[in-house]
Undergrad: 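I have a structure I would like to understand better, so I am pasting it below and will then ask my questions one at a time.
Each chain gets a letter, A, B and so on, in the order its sequence line appears, and its residues count up from 1. Everything numeric here is computed off the predicted structure, so don't read it as measured data.
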Amino acid sequence: MAGVRLENVYKKYAGTDKASVTDFTLDIQDKEFLVLVGPSGCGKSTTLRMIAGLEEISEGKLYIGDRVVNDVAPKDRDIAMVFQSYALYPHMNVYQNMAFGLKLRKFRKDEIDRRVREAARTLEIEHLLDRKPKALSGGQRQRVALGRAIVREPQVFLMDEPLSNLDAKLRTQMRANISKLMKRLETTCIYVTHDQTEAMTMGDRIVVMKDGYIQQSATPEVLYNNPVNLFVAGFIGAPAMNFLTGQLVEEGGAVRFKATGVNVEVPAGKAQLLRSKGYIGREIIVGVRPEDFHEEPVFIEASPNSIINATIEVSENLGHEMFLYLAGLGKDNVIARVDGRAGVRENQNIKLAIDMNKIHLFDKETELNILETK
Amino acid sequence: MNKTRLEQLSNLLNAPVVPKVLSAAEWESEGGRKHPDIGDFIDFHNVCRIITGLNGRQLEVIEIVSSLTSIEKQLLAWAIKQNNSRSISDASELEKQARGLGEWIEESLVSGQWRAEIPDSIELRNRLLDGMIPFLLQSEHVEEKEPGYNELEKTIRTFISDDTLLIPLKEHEWLILTTDRVLSEIETDGEEVPDSEETKEILSSLAEGLYDLVTGEWGGECHVAAGEPFIPAESLVRLVGTLRETVFLGRKFHVGMHVHLPWLVHLERLLSGIPEQVRSRFVEEMMGRPDLFTDPETISTLDAFFSMDCNVSETAKKLYIHRNTLLYRLDKIKHEAGLDVRSF
């Protein structure tokens, strides 16, 4: 087993001025499950492909364990890959598909057999070993693709959107299976996805990327609760965090945040920090997660300084919870997540309280989280 | 010559050494021989050019920006020739035979003899009389990472079948011929012999597998074309020409794809036959400007959108982008071209 280290790695394609991956430095611990996440074109797959050896590294160093592997061919990196298009070999049955990589590396037949059967047992596909890929369902094929990687017993697993071809139900199920499997195998895993739910539920640590740069690298909890900038705040969480642009004013010894339809008091601790950083009188962006709006009377009563009134334009009832699309706050629609039994309806005016202890404050110019910036 | 060797040579000569590709005609116009060979050199404005490799009608040349003495030039030419002859003499018997066949295919293609029959002098001829499946593999590996013939041959044999031939064509290009018995080994819907559509589906999967295998082992980019089963002795040259054209069309019209199939590029072949000038004029007349749809992102977006029958959600899923990103791109096309690709 081994960790992976990237030191100031760049990827530049011929004929382009802009790097696809810029100054990427990251230390991935042995046995860690690391998720690379970000929007399309952010460089996450390119980074994974560089680790796999499928793309040349333009600048910087890549270590697997203690070895620099920039110029080592993929087959000699001791990695196993599972990609979105799990091209199973159509002329081989499941057993042969799983055994192929070992056969190529001239493993002994009994060792191949041991590994294939063990992996098949782990993935619960023992009964499929004689079948050809054509006779398998999507989920079964995906498990065979995983099996093909597992039998290699690599130092590092690399997975690029391995669940994208599955339907939603199977994806949820396989998500849990992969997490469990990686914990059991105790192998380093680097997993690429554009799906932030996958990232949040699977990763020990998540790296959020945008335009080839690392935005933040942290545990799911830290990313959710302490995003370093506006991008991470908006990217992690569904529905996304609401952003309200407004002004901070000092009134009667308290700091208030005023935006269209919003006039709330900033808690003392945060207010002190804003004062010390010279934000009073300036425009900032306040981020509120949908679940930090409250319609419960007890909460409203206890939060007289953070009440807002809005009109429900659209409501989506998911049964256990409801998404309310509110008009009249800030420039865009604001989404609140409330209890499914709240009994509210569209076009109704609603009184809500914001949990001000959980708001996020962003500098309007730099888009950095004011509370996280030193 | 790879980057490391170029740097070594540059340090040794204390002069810049730059790799170039010239046509035989350019070589001749600059004072070179009509039939150039590896090790030939010419002086051109205080620059010495030496041929390091031949690739069909193209010459791989290094350009040394320095006035070398006659002895230096001769020593350099001798070293390059030795390096070239050593790699050929080290080759296995099978590799030599395969290279011989590859050279014959290449010569026939260059001279336009697409229907040429394999002469008796080609030693592998007897292995080309039964039905085979062809694949054309074009790689873009840097020289030091490219697999050797034996390594690649063994890997591909392990992958498909022992009854497989690997034939080097140009540099970074191989023809793979494997027995068509592979098809009957794949379970079909109760039939012993797969029908045409099933065969095409299997060939596509095999080509995908081949692509994954080559990139997974050696990294780098590569392109694979697959053809339908045929008897090589009857139409080998034409087949190679078709597969080469398929890769060319696939790369031109289906940016981002690595597996190309001749039966999927009929329209592309037709479009490609229209001269560039006529095409530009058509686009300019229809859209008012000639530079539309040229960036790879727009092309791959449209390609995916049409292949998913203009279904926005499915296209977004295929491209791994958010639905809104796709809608934004389609709106941008509408704004720039005045064409709404969502409604014909």
Undergrad: Indicate yes or no: does A:Lys134 engage B:Glu201 in a salt bridge with an N to O separation below 4.0 Å.
TA: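 Here A:Lys134 does not pair with B:Glu201 in a salt bridge, since their nearest N and O are not under 4.0 Å apart.
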
Undergrad: What's the shortest heavy-atom distance between B:Cys222 and B:Tyr211, and which atoms?
TA: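 Where B:Cys222 meets B:Tyr211 most closely, the heavy atoms are O-CE1, 3.2 Å.
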
Undergrad: Under 3.5 Å, is there a donor on one side chain and an acceptor on the other for B:Arg157 and B:Thr164?
TA: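 Their side chains do not contain a donor-acceptor pair, so the 3.5 Å distance test is not met.
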
Undergrad: Quick one, A:Glu55 and A:Tyr13 - any side-chain contact, counting heavy atoms below 4.5 Å?
TA: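 Of all side-chain heavy-atom pairs linking A:Tyr13 with A:Glu55, at least one is under 4.5 Å.
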
Undergrad: Which residues from residues 96-108 of chain A are near chain B, with near meaning under 4.5 Å between non-hydrogen atoms?
TA: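 When heavy atoms of chain B are the reference, residues 96-108 of chain A contributes A:Phe100, A:Lys103, A:Leu104, A:Arg105, A:Lys106 within the under-4.5 Å range.
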
Undergrad: Please examine the side chains of A:Ile206 and A:Met200, heavy atoms only from C-beta on, and report whether any two atoms are closer than 4.5 Å.
TA: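 Yes. Closest side-chain heavy atoms under 4.5 Å.
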
Undergrad: Output the option from B:Thr155, B:Thr325, B:Val182 having the highest count of non-hydrogen pairs under 4.5 Å with chain A.
TA: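 Option with the greatest count: B:Thr155.
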
Undergrad: What part of A:His91 gets closer than 4.5 Å to chain B, counting heavy atoms only: side chain, backbone, both or neither?
TA: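 For A:His91, backbone and side chain are both near chain B.
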
Undergrad: Partners of A:Ser58 by side-chain hydrogen bond (donor to acceptor under 3.5 Å, both in side chains), sequence neighbours excluded?
TA: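 A:Ser58 satisfies side-chain hydrogen bond (donor to acceptor under 3.5 Å, both in side chains) with no other residue.
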
Undergrad: Does B:His254 have its ring centroid less than 6.0 Å away from the ring centroid of B:His260?
TA: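 No - the distance between ring centres of B:His254 and B:His260 does not fall below the 6.0 Å cut-off.
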
Undergrad: Can you tell which part of B:Thr158 gets under 4.5 Å to a heavy atom of chain A, answering side chain, backbone, both or neither?
TA: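 It is both, since atoms from each part get that close.
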
